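For reference, the structure discussed in these notes is given below.
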Amino acid sequence: MKSQTVTHIVIVGGGTAGWLSAALLAASAQNAPQYPLRVTLVESPNIPTIGVGEGTWPSMRSSLQAIGIKESQFLSRCSASFKQGTEFIGWNHASHHYVHPFTVAEVAADIPAGQHWSAQQDSVPFADRFSVQGLLAKEGLAPKQATTPEYAFALNYGYHLNAGEFAELLREHSVENLGVELLRTNLQSVDVSEQGIESLMLESGQTITADLFVDCTGSRSLLLGEALGIANESVADVLFNDRAVAIQAPYSSDSEAIPSLTKATAHDEGWIWDIALQTRRGTGIVYSSRHLSEAEAEQRLRDYLEQTGVGAVQTLDAKHLEFNPSHKKQFWHKNCVAIGMAAGFLEPLEATAIVLVEESAKFIARNLPCATASLPILATQFNRKFLAHWENIVEFLKLHYVFSQRDSDYWQDHINPDSWPMGLADKLALWGNRQPSTDDFASNALFPSASYQYIFYGITGNSQPLQCSERDHQQLVTLIEDIQRRQQKYRQGLPTNRALLQSLISAKTSIL
């Protein structure tokens, strides 16, 4: 008979999703020693991590702190670097660029900064005008000094990291320090009943039971999808990209700058990511198979690498990836919850994959200990919350495309209002007369009005000259002057991204 309290959680699948979930759940249980929670992870010995470079949100800092990993250890083990946002290149037209930084745009006395910026037909990009971070990040400066405490900052930041190395660090830390039980074997079959998943039969011969099962088996979704029959909801009619090609590229020299922004460069049928790690660049082209062939996409990525200073590009290995832009219709059903790609996957624009893992695992952790009889209530709450998250993400990603002036079929298909989600269409109708507002979003939206302002004004420019009073204008001029003073102060005191990383890694090495 199963326990009346959830005391055993089994996670199937490793990688970033599985091991980050395991670490967050196990660490939470350690903080409540009276609660005897067991966390078991079943990891296949022959399914490798996808391993392309990845970006995180600033939330990763609190996650690493919660599970007890030092920042210096993380930076050293995962070839990680600091990320302060994303720079979008060519999304409106070939010479166009703008930044979505991690620091919220500043306002004075609730004056609509975007309205002022548009009314003045300001030639300075919105993020550069109303954020201390935008310009500094583009200049390659780090978000803090070498003497700044771990996880603290002058400018808000997340990370670029090597996904394979990150999964290895999480596995080691979870098993050795957090008490997670690892079973290195393949899943053979799943026993299902009216109550959900009864047990798992493993290739090793073991049969394993649990109070709650977490599906981290990637796009195969062996538990929630295959065993329990929860289908996917496609968003391919909104977001067309369904393919990617990834190439790991070397730096031209050991002194080459390490940008602290993810670079997202548009092309005629999609876009190219460029993520700077300590020792290499993680690059990839994202595209729509309806608009571009695999061979053309790969060559276009190689051309981009050659144009950005990489030599012998034809010798670099390319990894082709396919995905179905979709998410589960339910994410938690009975005693099984899907996390990571098992819950869904969209193009990697704005780095939402890992933050959804964090949010999912933290939701479960916050609600433990709980009675097994309460799982249906938690499932309802979880499904409501995460369906809203996915809808928010789909709308936000679509916003990046709808105002482009590019004339290829791919971009024109995006511009067509028939492909816009209804929620986004409604918001855009409002924003013709005012800037994006907190009233337009749920209080827990992953992408709030501040992010929408960066993209909306970044891609459209100041094409909507709205009215702004003289009083508001003077207050905002004062604010802008203050932002410029602080930018100059930071510019004088912050090292480059590469210099800070070298200093921190050297300090850790000397201690060892």
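Reckoned from all heavy atoms, side chains included, excluding hydrogens, waters and symmetry mates. Residues: numbered from 1 along the sequence shown. Note that this is a predicted model, so its numbers are computed, not measured.
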### Query
Stepwise, does the ring-ring contact (aromatic ring centres under 6.0 Å, His included) test hold for Phe153 with Phe82?
CA-CA 11 Å; Phe153 60 90; Phe82 300 109; over 10 Å; no
### Query
Where do Leu178 and Val39 land on the side-chain contact (heavy atoms from CB on, under 4.5 Å) test, with the steps shown first?
CA-CA 9 Å; Leu178 299 176; Val39 178; over 6 Å; no
### Message
Using side-chain contact (heavy atoms from CB on, under 4.5 Å), reason through Leu399 and Leu428 one step at a time and then give a plain yes or no.
### Response
CA-CA 9 Å; Leu399 177 64; Leu428 294 178; 3.9 Å; yes
### Query
Yes or no on side-chain contact (heavy atoms from CB on, under 4.5 Å) for Leu239 and Leu349, after CA distance, side-chain angles and deciding distance?
CA-CA 11 Å; Leu239 299 171; Leu349 187 63; over 6 Å; no
### Task
Mind running side chain to side chain donor-acceptor pair (under 3.5 Å) on Glu350 and His400 for me, showing each step along the way?
CA-CA 10 Å; Glu350 296 286 3; His400 293 64; 2.8 Å; yes
### Intermediate values then yes/no, side-chain contact (heavy atoms from CB on, under 4.5 Å), Leu397 and Leu346
CA-CA 9 Å; Leu397 299 192; Leu346 306 174; 4.3 Å; yes
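The pair Glu181-Arg38 meets the salt-bridge criterion, since a charged nitrogen lies less than 4.0 angstrom from a carboxylate oxygen. Between Glu71 and Lys144 a salt bridge is recorded (basic side-chain N to carboxylate O distance below 4.0 Å).
Counting heavy atoms from C-beta outward, Glu87 and Thr262 have side chains that stay 4.5 Å or more apart. The shortest distance between side-chain heavy atoms of Val42 and Thr185 falls below 4.5 Å. The shortest side-chain heavy-atom distance between Leu24 and Lys362 falls under the 4.5 Å cut-off. Residues Leu169 and Gln73 form a side-chain contact, since some pair of their non-hydrogen atoms from C-beta on lies under 4.5 Å apart. In this structure, the side chains of Val12 and Leu222 stay at 4.5 Å or more apart for every pair of heavy atoms. The closest side-chain heavy-atom distance from Val235 to Trp390 is not below 4.5 Å. Between Tyr454 and Ser131, some side-chain heavy-atom pair lies under the 4.5 Å cut-off. Contact check for Arg281 versus Thr283: side-chain heavy atoms found under the 4.5 Å cut-off.
Applying the side chain to side chain donor-acceptor pair (under 3.5 Å) criterion to Glu347, with sequence neighbours excluded, gives Asn241, Trp271, Tyr401. Residues that satisfy the side chain to side chain contact (heavy atoms under 4.5 Å, CB included) test with Asp191, not counting sequence neighbours, are Glu198, Ser199, Met201. Shown here are the salt bridge (charged side-chain N to carboxylate O under 4.0 Å, His left out) partners of Glu172, two or more places apart in sequence or in another chain: Arg77. Partners of Ala152 under the side chain to side chain contact (heavy atoms under 4.5 Å, CB included) rule, at least two apart in sequence or in another chain, are Thr148, Pro149. Every residue two or more places apart in sequence or in another chain that forms a side chain to side chain donor-acceptor pair (under 3.5 Å) with Ser288 is listed here: His291.
Closest of all the heavy-atom pairs between Asn497 and Pro259 is ND2-O, 3.4 Å. Here the closest heavy-atom approach between residue Val238 and residue Phe240 is recorded as O-CE2, 3.8 Å. Residues Ile247 and Asp317 come closest through the heavy atom pair CG1-O, 3.6 Å. The minimum heavy-atom distance linking Thr16 with Val357 is given by the pair O-CG1, 4.5 Å.
Between the side chains of Asp215 and Ser221, at least one donor-acceptor pair of N or O atoms lies under 3.5 Å.
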Which atom pairs, donor and acceptor, lie under 3.5 Å between side-chain atoms of residues 444-451 and protein residues at least two apart or in another chain?
from   : atom 1 : to     : atom 2 : distance (Å)
Ser451 : OG     : His100 : NE2    : 3.2

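Between the side chain of Asn232 and the main chain of Ser234, no donor-acceptor pair closer than 3.5 Å is present. Of the possible polar contacts, one joining the Glu150 side chain to the Ser72 backbone as a donor-acceptor pair under 3.5 Å is found.
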